[in-house]
Amino acid sequence: MKRMVQGMMVGSLTLLVACGNNEESKDKKSTKKESKTERQTLKVVESAELPSMDLSKATDVVSFSAISQVMEGLYEFADDSTSQPALAKAVVEPTDDGKKYTIELKEDGKWSNGDPVTAHDFVYSWQRSADPKTASEYAHLFEGFKNYEAIKKGEKAPTELGVKAKDDYTLEIELDHPIPYLSSLLAKPTFYPQHQKTVEEKGDKYATSSENLIYNGAFKLEGWDGTNISWKYVKNDQYREAKNIKLDEIDVQVVKENGTSLNMFQANEVDIIQVKGEFAQQQADNKDLVLREYPSTYYLQYNLKNKLVANKNVREAITYAIDSEQLVTSILGDGSKKIDGFVPTGIVNPKTGKDFAKESGQLFKSDEKEAKAAWEKAKKELGNEKLEFNLLASDTDLAKKTAEYLQGTLETELKGLKVNVTTVPFANRLDKMSKGDFDVVLAGWAATFGDPYDFLQLANTGTVQNYGKWENPTYAKLLEESSTTYSNDNEKRWETLIEAHKEMMKELPYTPLYQSSESFLVKPDVKGLVYRALGSPYYKNVSKE
């Protein structure tokens with residue numbers, strides 16, 4: 001039986017593609033495929049460019065998906081989204097009242113140049129990510145690690161982070177306070193190892209192309225120059241379990257128009273595509289359709305440096321004017337569903353089994369009358385009958401359609417409002433967000449570990465992803481208490497996080513739009529593909545028959 005992740009757990013939202021044939025694909029008695037007489041190539045469509053392969057700096061699902069194929073950490077996500085051993089020998093329990101972890105590594109891990117993967121590689125990687133000079137947007141994930149707060153402030157060196165190699169294959173983690181979800185965090189690419197010599201030799205070129213990287217996962221990245229829209233994952237012969245990897249190559253191609261990718265799938269040019277909107281609706285009865293439900297929120301984020309959206313009545317008017325049910329039904333049609341708060345359903349308390357979002361209750365709703373009332377108040381406060389803002393979105397099909405829907409709805413419901421839509425490539429949208437170069441942005445967040453804190457920390461004071469610069473002392477205090485004062489008190493911690501959730505939705509630094517689901521078309525000869533609630537699919541478990 002798989003070990004359960006400590007802390008809050010993601011609900012049962014896993015889908016296994018062609019699971020009935022998964023064991024058969026592993027059968028040693030299978031002759032033709034095992035003989036490798038035919039080269040196995042998987043062809044996959046990605047909806048956006050690959051922004052970064054630097055695991056200290058990656059922030060998006062495309063980058064994390066790529067990193068998950070070519071790198072390996074201590075733990076990985078099991079099919080049910082719990083943590084299971086990868087390079088670690090076991091998923092360990094903490095000692096010292098939850099503040100110390102001692103993790104033994106398997107000794108067969110290798111980098112693609114033949115060097116062994118050791119505990120020192122993890123120590124270096126985590127210190128690099130926590131170093132303020134690296135400017136990692138995910139450095140906050142080390143909150144709770146011994147000395148992290150002092151390192152963040154520049155008061156201590158990154159080498160004093162609470163992690164050390166007791167020997168080449170023993171890693172010790174020391175915390176200032178317990179982190180209930182640490183085992184889930186350690187399965188995330190941010191906590192993978194890095195090869196110090198390569199990072200230092202490559203300097204500014206490190207991870208900017210496939211030639212400037214080194215790998216310890218099942219595959220190696222090839223053909224990526226940092227900007228192109230196609231790349232490959234090729235089997236890594238140095239991988240510790242290379243003999244079990246069935247695929248020789250995964251060819252990835254970026255196609256932003258869903259109609260084009262559907263044509264490619266139907267012409268047998270690709271094996272896996274994502275379908276959205278009317279295309280997903282059209283394929284509802286297709287036996288090749290696979291639905292992935294997972295904790296994720298798509299939302300509008302407001303830049304509070306902008307005078308217009310800094311007005312709370314403006315944010316309320318926008319929120320009340322948008323019908324989440326209509327959006328998922330009429331525009332998306334891919335299994336996405338209405339949302340009642342910022343934290344989506346699917347994250348449950350392991351002690352009680354209760355869903356966090358459901359316990360939080362309905363924290364906002366569509367209300368045309370309330371929207372108009374808030375809008376009239378806003379216009380009076382701002383002293384103008386005609387108001388305008390720019391809505392930033394990615395240039396993918398779905399993002400464009402969602403932005404157009406929002407533009408039409410808001411301009412219709414809120415008299416005197418003009419919404420200018422700007423669509424840019426995915427990587428550019430991320431860059432603009434990080435620089436605060438937006439009024440309102442259409443964005444999303446998928447659970448990266450099984451805890452409501454993963455979503456709530458986005459709006460916390462000082463968190464890098466708080467691109468809109470919302471500050472609320474009450475909210476910040478509640479999150480701090482959940483992480484420190486109540487870190488060992490499950491019931492009180494949960495109550496505090498619910499209170500924080502309600503405080504956020506009262507002030508609306510974000511407008512939640514919907515909880516995302518994903519629909520995929522997968523060729524029937526693709527076996528062993530798992531779409532879990534957490535993380536990206538691992539192609540190392542996939543074969544073609």
Identify whether the distance between the nearest side-chain nitrogen and carboxylate oxygen of [X] and [Y] falls below 4.0 Å.
| X | Y | answer |
| --- | --- | --- |
| Glu72 | Arg240 | yes |
| Asp340 | Lys338 | yes |
| Lys106 | Glu241 | no |
| Asp395 | Lys256 | yes |

Considering residues at least two apart in sequence or located in another chain, which fulfil the side chain to side chain donor-acceptor pair (under 3.5 Å) criterion with [X]?
| X | answer |
| --- | --- |
| Gln196 | Glu200 |
| Asp437 | Lys432 |
| Asp397 | none |

When you measure from the side chain of [X] to the backbone N and O of [Y], does any donor-acceptor pair fall under 3.5 Å?
| X | Y | value |
| --- | --- | --- |
| Ser360 | Phe356 | yes |
| Thr352 | Lys354 | yes |
| Ser296 | Ser516 | yes |
| Ser83 | Tyr75 | no |
| Asn147 | Gly162 | no |
| Arg532 | Ser536 | yes |
| Asp121 | His195 | no |
| Ser336 | Val328 | no |
| Asp168 | Thr118 | no |
| Asp96 | Lys99 | no |

Please examine the side chains of Pro51 and Val62, heavy atoms only from C-beta on, and report whether any two atoms are closer than 4.5 Å.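 The answer is yes; the side chains approach within 4.5 Å.
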Does any part of the side chain of Tyr453, heavy atoms only, come nearer than 4.5 Å to the side chain of Leu479, both counted from C-beta?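 Result yes, sub-4.5 Å side-chain heavy-atom pair found.
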Rounded at 0.5 Å granularity, tell me how far [atom1] in [X] sits from [atom2] in [Y].
| X | Y | atom1 | atom2 | answer |
| --- | --- | --- | --- | --- |
| Glu174 | Leu161 | CD | CG | 10.0 Å |
| Asn541 | Leu529 | CG | CG | 9.5 Å |
| Lys164 | His120 | NZ | NE2 | 12.5 Å |
| Asn216 | Asp115 | CG | CG | 11.5 Å |
| Leu105 | Phe122 | CG | CZ | 5.5 Å |
| Lys146 | His177 | NZ | NE2 | 14.0 Å |

Do any pairs count as a side-chain hydrogen bond (donor to acceptor under 3.5 Å, both in side chains) and have a residue in residues 61-70, sequence neighbours left out, and if so which ones?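 Only Asp60-Ser63 qualify under side-chain hydrogen bond (donor to acceptor under 3.5 Å, both in side chains).
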side-chain hydrogen bond (donor to acceptor under 3.5 Å, both in side chains): pairs with one or both residues in residues 479-488, sequence neighbours excluded: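 For residues 479-488, and leaving out neighbouring residues, the side-chain hydrogen bond (donor to acceptor under 3.5 Å, both in side chains) pairs sorted by first residue read Lys477-Glu481.
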Aromatic ring pairing Phe455/Phe342, orientation class (parallel under 30°, perpendicular over 60°, tilted between):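 Judged by the thresholds at 30° and 60°, the geometry between Phe455 and Phe342 is perpendicular.
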Over 60° means perpendicular and under 30° means parallel, so classify the ring planes of Phe142 and Tyr148, tilted if in between.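 Aromatic pair Tyr148/Phe142 classed tilted.
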Trp231 and Tyr233: side chain donor to acceptor below 3.5 Å: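 The criterion, which ignores hydrogens and geometry beyond distance, is satisfied for Tyr233 and Trp231.
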Exercise: do Asp454 and Thr448 side chains pair donor with acceptor under 3.5 Å: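 Asp454 vs Thr448: donor-acceptor pair found between side chains.
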Glu499 and Lys492: salt bridge (charged side-chain N to carboxylate O under 4.0 Å, His left out), yes or no, with the steps? CA-CA 11 Å; Glu499 191 176 347; Lys492 187 62 178 174; over 6 Å; no
Does [X] have any ring pair (Phe, Tyr, Trp, His ring centres under 6.0 Å) partners at least two apart in sequence or in another chain, and if so, which?
| X | result |
| --- | --- |
| Tyr192 | none |
| Tyr514 | Tyr298 |
| His140 | Tyr138 |

Would you name the heavy atoms of [X] and [Y] that are closest together and state the gap between them?
| X | Y | value |
| --- | --- | --- |
| Val117 | Pro193 | CG1-CG, 4.3 Å |
| Phe145 | Asp176 | O-OD2, 3.4 Å |
| Gln515 | Pro344 | OE1-CB, 3.2 Å |
| Met71 | Tyr215 | SD-CA, 3.9 Å |
| Glu160 | Ile151 | C-CD1, 4.1 Å |
| Thr396 | Ser47 | CG2-O, 3.5 Å |

Applying side-chain hydrogen bond (donor to acceptor under 3.5 Å, both in side chains), run through Asn460 and Asn466 and close with a yes or a no. CA-CA 7 Å; Asn460 201 11; Asn466 184 0; over 6 Å; no
Applying ring-ring contact (aromatic ring centres under 6.0 Å, His included), run through Phe219 and Tyr539 and close with a yes or a no. CA-CA 9 Å; Phe219 302 96; Tyr539 294 137; 7.4 Å; no
With [X] via salt bridge (charged side-chain N to carboxylate O under 4.0 Å, His left out) - residues at least two apart:
| X | value |
| --- | --- |
| Lys188 | none |
| Asp54 | Arg128 |
| Glu518 | Arg292 |

Can you list, pair by pair, the side-chain donor-acceptor contacts under 3.5 Å of residues 506-513, counting residues two or more places apart and other chains?
{"unit_1": "Lys506", "atom_1": "NZ", "unit_2": "Glu503", "atom_2": "OE1", "d": "3.3"}
{"unit_1": "Tyr510", "atom_1": "OH", "unit_2": "Gln301", "atom_2": "NE2", "d": "3.1"}
{"unit_1": "Tyr510", "atom_1": "OH", "unit_2": "Leu458", "atom_2": "O", "d": "3.1"}
{"unit_1": "Thr511", "atom_1": "OG1", "unit_2": "Tyr302", "atom_2": "OH", "d": "2.5"}
{"unit_1": "Thr511", "atom_1": "OG1", "unit_2": "Thr319", "atom_2": "OG1", "d": "2.6"}

